Amino acid sequence: MSRIQEYSGALTREQFLFYEIRIAAKLYLAGTELKAAIAQIKDENLFQFPTEREIASMVRVCYKRIKALENDSLITALVEAPAAIAKQVNLYAIMRSNGLVWDFMSQVVGEKYLNQDFAYERKDLNIFFSRLQAQNDIVAAWSDSTITKIKSVLTRMLVEAEYLDSFRDTTLHQIYLSEELEAGIRANGDLDILPAFNCFL
C-alpha cells in the first residue's frame with residue numbers, strides 16, 4: 001500500500017497510541033493476524049484499558065499504521081528501538097496512514113525547520129486549518145468542535161514525539177532524525193517529508 005492521503009476526522013479518538021503500537025507491532029512481527037491480535041490483547045489485557053469497548057478499534061488503528069510503514073526494519077524498530085527512536089517511527093507511521101497528519105507535519109512543522117523558525121503558536125494551526133477548509137470539502141464540512149479537537153491532538157502528538165516539552169510550549173526542539181527512520185523514509189521514497197524531522201536533502 002502507498003501512504004493514505006485522504007483526510008479523516010477519526011484522529012479525534014485515535015491519538016498517538018505509542019504504548020499500544022509497540023505491543024501490536026510485536027504481535028504483527030510474530031505473524032499474528034488482526035482478529036487473533038484483538039482477541040489476545042483483550043484476553044491478556046495488554047493495553048490495560050479500563051474497559052474492552054475501545055480495544056478492537058485501537059488494535060485496528062495500530063495495525064493500519066504498522067502496515068503503512070511498508071518496512072520490516074521500521075516495524076522492528078517500533079518494538080526494539082529506544083523510546084525516542086520508536087516514537088519518531090510511530091509518528092511517521094501515523095503520517096503515512098493519515099493525510100491530515102502528513103500535511104500538518106510537512107506544511108507546518110517541516111516549513112518551520114526549513115526556515116529555522118522554531119516558534120510554534122496557535123496561529124500556525126489556525127492558518128493551516130483555514131487553508132485546508134478553503135481547499136478541501138471534507139475538512140470544510142467538519143464542525144468547529146471537531147477541528148478544535150484535532151488541533152489539540154496534533155499538538156499533543158508533537159509533545160509525545162518530543163518536539164515540544166508540554167502542551168503549552170511554544171518552541172520546537174531541534175529534532176535529530178534517527179538513522180533507522182531516515183533509512184526507512186528514503187527507502188519509501190518519502191524524501192519530501194524529511195524536513196518534518198529537521199533533516200534536509
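Bear in mind that the values here come from a model prediction, so they are computed numbers and not experimental data. Because only heavy atoms are used, hydrogens play no part in the values below, and waters and symmetry mates are left out as well, while side chains stay in.
- Residues Leu46 and Glu20 have side chains not in contact (no heavy-atom distance under 4.5 Å, counting atoms from C-beta outward).
- Atoms CG and CG, from Asp169 and Leu164 in turn, are 5.0 Å apart once rounded to the nearest 0.5 Å.
- Annotation: the span from Ile38 atom CD1 to Thr32 atom OG1 amounts to 12.0 Å, rounded to 0.5 Å.
- Between Leu11 and Met157, the closest side-chain pair of non-hydrogen atoms falls below 4.5 Å.
- Ile127 and Val139 are members of different hydrophobic clusters when ILVMFWY side chains are connected at heavy-atom separations under 4.5 Å.
- Using a cutoff of 4.0 Å between basic side-chain nitrogens and carboxylate oxygens, Arg65 and Glu14 are scored as salt-bridged.
- In plain terms, the two heavy atoms of Gln15 and Ile94 that are nearest each other are O-CD1, 4.3 Å.
- Within a 6.0 Å sphere centred on CD of Glu54, other residues, nucleotides and ligands contribute more than 12 heavy atoms.
- Scanning for salt bridge (Lys or Arg N to Asp or Glu O under 4.0 Å) contacts around Asp190 gives Arg96, with sequence neighbours left out.
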### Message
Between Glu80 and Glu180, does the side-chain contact (heavy atoms from CB on, under 4.5 Å) criterion hold? Intermediate values first, please.
### Response
CA-CA 12 Å; Glu80 298 178 358; Glu180 298 93 325; over 6 Å; no
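- At least one donor-acceptor pair closer than 3.5 Å links the side chain of Asn115 to the backbone N or O of Glu111.
- Interatomic distance, Arg3 CZ to Trp102 CH2, rounded to the nearest 0.5 Å: 4.5 Å.
- Figure legend: cation-pi geometry between Arg156 and Phe16 absent, as NZ or CZ is not positioned both under 6.0 Å from the six-membered ring centre and within 45° of its axis.
- Counting only heavy atoms from C-beta outward, the side chains of Glu121 and Lys123 approach each other to under 4.5 Å.
- Shortest non-hydrogen contact noted between Leu17 and Val61 is CD1-CG1, 3.8 Å.
- The minimum heavy-atom distance between Leu91 and Met105, with the atom names listed, is CD2-CE, 3.8 Å.
- Among all heavy-atom pairs drawn from Thr12 and Ile150, the shortest one is CG2-CG1, 3.6 Å.
- Following chains of ILVMFWY side-chain contacts shorter than 4.5 Å, one can reach Phe128 starting from Phe118, so the two form part of one hydrophobic cluster.
- Below 30°, between 30° and 60°, or above 60°: for Tyr113 and Tyr163 the angle between ring planes is between 30° and 60°, a tilted geometry.
- Donor-acceptor pairing under 3.5 Å is lacking for the side chains of Asn98 and Tyr7.
- Under a 4.0 Å N-O distance rule, the pair Lys87/Glu160 does not qualify as a salt bridge.
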### Task
Please step through side-chain contact (heavy atoms from CB on, under 4.5 Å) for the pair Val109 and Asn198, ending with a clear verdict.
CA-CA 9 Å; Val109 177; Asn198 197 25; over 6 Å; no
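- Residues Phe167 and Leu154 do not share a hydrophobic cluster, defined by chaining ILVMFWY side chains whose heavy atoms lie under 4.5 Å apart.
- Atom CG of residue Leu74 and atom CD1 of residue Ile185 lie 8.0 Å apart, to the nearest 0.5 angstrom.
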### Task
Test Ile75 against Lys67 for side-chain contact (heavy atoms from CB on, under 4.5 Å), laying out the working first.
CA-CA 9 Å; Ile75 298 169; Lys67 289 177 180 177; over 6 Å; no
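- In the model, Asp165 has a side-chain atom that pairs as donor or acceptor with a side-chain atom of His173 under 3.5 Å.
- Scanning all heavy atoms of the two residues, the minimum distance from Phe49 to Met58 falls at CE1-CG, 3.8 Å.
- Atoms NZ and CG, from Lys151 and Asn126 in turn, are 3.5 Å apart once rounded to the nearest 0.5 Å.
- Separating the NZ atom in Lys26 from the CD1 atom in Ile66 is a distance of 13.0 Å, to the nearest 0.5 Å.
- Summarising the local packing, CD of Glu179 is surrounded by 12 or fewer heavy atoms from other residues, nucleotides or ligands at distances under 6.0 Å.
- Looking at Leu27 and Val59, their side chains never come closer than 4.5 Å, going by heavy atoms from C-beta outward.
- The side-chain heavy atoms of Leu78 and Asn90, taken from C-beta on, include a pair separated by under 4.5 Å.
- No more than 12 heavy atoms of other residues, nucleotides or ligands sit less than 6.0 Å from atom CG of Asp137.
- By the 4.5 Å heavy-atom criterion applied to side chains, Asp124 and Phe129 are not counted as neighbours.
- Using cut-offs of 30° and 60° on the angle between ring planes, the pair Phe197 and Tyr92 is perpendicular.
- Heavy-atom contacts from other residues, nucleotides or ligands closer than 6.0 Å to CG of Asp43 number more than 12.
- A donor-acceptor distance shorter than 3.5 angstrom exists from the side chain of Lys112 to the backbone of Ala119, with no hydrogens or angles considered.
- A donor-acceptor pair under 3.5 Å is absent between the side-chain atoms of Thr146 and the main chain of Trp142, judged by distance alone.
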### Query
Could you go step by step and tell me if Tyr120 and Thr155 meet the side-chain contact (heavy atoms from CB on, under 4.5 Å) rule?
CA-CA 9 Å; Tyr120 178 77; Thr155 299; 2.9 Å; yes
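- Under the 4.5 Å side-chain heavy-atom criterion for Ile, Leu, Val, Met, Phe, Trp and Tyr, Ile21 and Tyr19 are members of the same hydrophobic cluster.
- Taking each heavy atom of Ser178 and Ile85 in turn, the nearest pair found is OG-CG2, 3.6 Å.
- Checking side-chain atoms of Gln88 against main-chain N and O of Tyr176 turns up a donor-acceptor pair under 3.5 Å.
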